[in-house]
*Asks:* 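Here it is, the structure in full.
Residue numbers count from 1 along this sequence. The figures that follow rest on heavy atoms only: side chains count, while hydrogens, waters and symmetry mates do not.
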Amino acid sequence: MPLLPAVFLDRDGVINRSFVSEGVPHPPDNVGEVEILPGVREAMSLLAAAGLPRVVVTNQPDVARGSQTIEGVEAINRFLADNLPISAFYVCYHDTADGCDCRKPRPGMLQRAAREFGIDLACSFMVGDRWGDVEAGRAVGCRSLLIDMPYSQPDRCKPEARVADLLEAVRWILRDVR
């Protein structure tokens with residue numbers, strides 16, 4: 001069976017609004033705080049229509065830090081899956097000091113998804129709003145796009161393109177795929 005290209009997406013700041021405090025982005029605390037960003041529904045529909053799997057890969061270290069629960073993260077993911085055509089979620093619940101292979105910029109979540117879904121990483125894309133997202137994609141050979149945010153730290157990574165939002169990223173991806 002041939003391998004498929006896919007689009008890997010960070011969650012907070014790409015699909016839903018992040019809450020920025022003192023220059024640092026934070027995820028919503030609960031489903032009531034989730035706001036799907038403008039253009040995301042259209043972007044996800046375009047990817048679905050193109051037959052590209054949409055795989056969310058998200059660091060959620062607040063679980064390890066004790067300020068969020070796995071159940072809280074899963075509730076937010078269920079809400080997003082109920083409202084958007086998302087193929088799968090891969091979540092790292094560790095903090096940086098845990099040294100796991102799944103916390104971006106390490107590529108463990110992308111590698112696991114590739115094994116489980118038969119994804120061709122060299123033909124796939126990673127879209128994120130932080131340098132670690134870009135570097136996780138680059139580590140496995142994906143073309144990576146950075147959504148420019150004040151906290152993105154573009155000097156720490158080398159994206160294929162810098163874009164304003166997910167819809168612009170998806171239009172770039174679809175031009176590249178064709």
*Asks:* Please answer whether the main-chain N or O of N59 pairs with a side-chain N or O of R103 as donor and acceptor at a distance below 3.5 Å.
*Replies:*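 Flag not set: sc R103 to bb N59 has no pair under 3.5 Å.
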
*Asks:* Any side-chain donor paired with an acceptor under 3.5 Å for D12 and Q60?
*Replies:* yes

*Asks:* Under the side-chain contact (heavy atoms from CB on, under 4.5 Å) rule, what do V56 and I15 come out as? Steps first, then yes or no, please.
*Replies:* CA-CA 9 Å; V56 175; I15 294 173; 3.6 Å; yes

*Asks:* Once you round to the nearest 0.5 Å, how far does CD1 of I173 lie from CG of L46?
*Replies:*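 Atom-to-atom, I173:CD1 and L46:CG are 10.5 Å apart.
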
*Asks:* Applying salt bridge (Lys or Arg N to Asp or Glu O under 4.0 Å), can you list everything that pairs with E74, at least two apart in sequence or on another chain?
*Replies:* none

*Asks:* Salt-bridge test for R65 and D95: reply yes if a basic N is under 4.0 Å from a carboxylate O, no otherwise.
*Replies:*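 Looking at R65 and D95, the cut-off is met.
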
*Asks:* Evaluate the criterion salt bridge (charged side-chain N to carboxylate O under 4.0 Å, His left out) for residue pair D133 and K104; output intermediate values, then yes/no.
*Replies:* CA-CA 6 Å; D133 302 318; K104 295 176 289 180; 2.7 Å; yes

*Asks:* Got M126 and L110 here, is their nearest side-chain heavy-atom distance under 4.5 Å?
*Replies:* yes

*Asks:* Going by side chain to side chain donor-acceptor pair (under 3.5 Å), Y90 matches just one of E116, Q111, R112. Which one?
*Replies:* E116

*Asks:* For V7, is there any backbone N or O sitting under 3.5 Å from a side-chain donor or acceptor partner on S124?
*Replies:* no

*Asks:* Do L166 and L37 have side chains that get closer than 4.5 Å, going by heavy atoms?
*Replies:* no

*Asks:* Test your reading of the model: is there a side-chain donor-acceptor pair from R41 to the backbone of G39, 3.5 Å cut-off?
*Replies:*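 Absent.
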
*Asks:* Strictly distance-based, threshold 3.5 Å: is any side-chain N or O of S21 a donor or acceptor partner for the main-chain N or O of H26?
*Replies:*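 The answer is no, because no donor-acceptor pair under 3.5 Å joins these two groups.
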
*Asks:* Which heavy atom of Q68 sits nearest to which heavy atom of V73, and what is that distance?
*Replies:*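 Here Q68 and V73 meet closest at CG-CG2, 3.6 Å.
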
*Asks:* Hey, does F8 have a side-chain heavy atom less than 4.5 Å from the side chain of L121?
*Replies:* yes

*Asks:* Would you say the side chains of D62 and Y93 form a donor-acceptor pair under 3.5 Å?
*Replies:*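 No - no donor-acceptor pair under 3.5 Å links their side chains.
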
*Asks:* State, to 0.1 Å, how close P53 and G51 come at their nearest heavy-atom pair, and which atoms those are.
*Replies:* CD-O, 3.5 Å

*Asks:* With rounding to the nearest 0.5 Å, note down the distance linking CZ in R171 to CG in D165.
*Replies:*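 These two atoms lie 8.0 Å from each other.
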
*Asks:* Please check: side-chain N/O of E35 versus main-chain N/O of N16, any donor-acceptor pairing under 3.5 Å?
*Replies:*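 No; zero donor-acceptor contacts below 3.5 Å.
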
*Asks:* Could you tell me whether the side chain of R162 reaches within less than 4.5 Å of the side chain of L145, counting heavy atoms only?
*Replies:* no

*Asks:* Other hydrophobic cluster members with F19, side-chain heavy atoms of Ile/Leu/Val/Met/Phe/Trp/Tyr under 4.5 Å, chained?
*Replies:*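 Its cluster mates, by chain and number: none.
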
*Asks:* For a quick check under 3.5 Å, do R11 and N77 share a side-chain donor-acceptor pair by atom type?
*Replies:* yes

*Asks:* Share the residues that join L146 in a hydrophobic cluster, the rule being Ile, Leu, Val, Met, Phe, Trp or Tyr side chains under 4.5 Å apart at the heavy-atom level.
*Replies:* V134

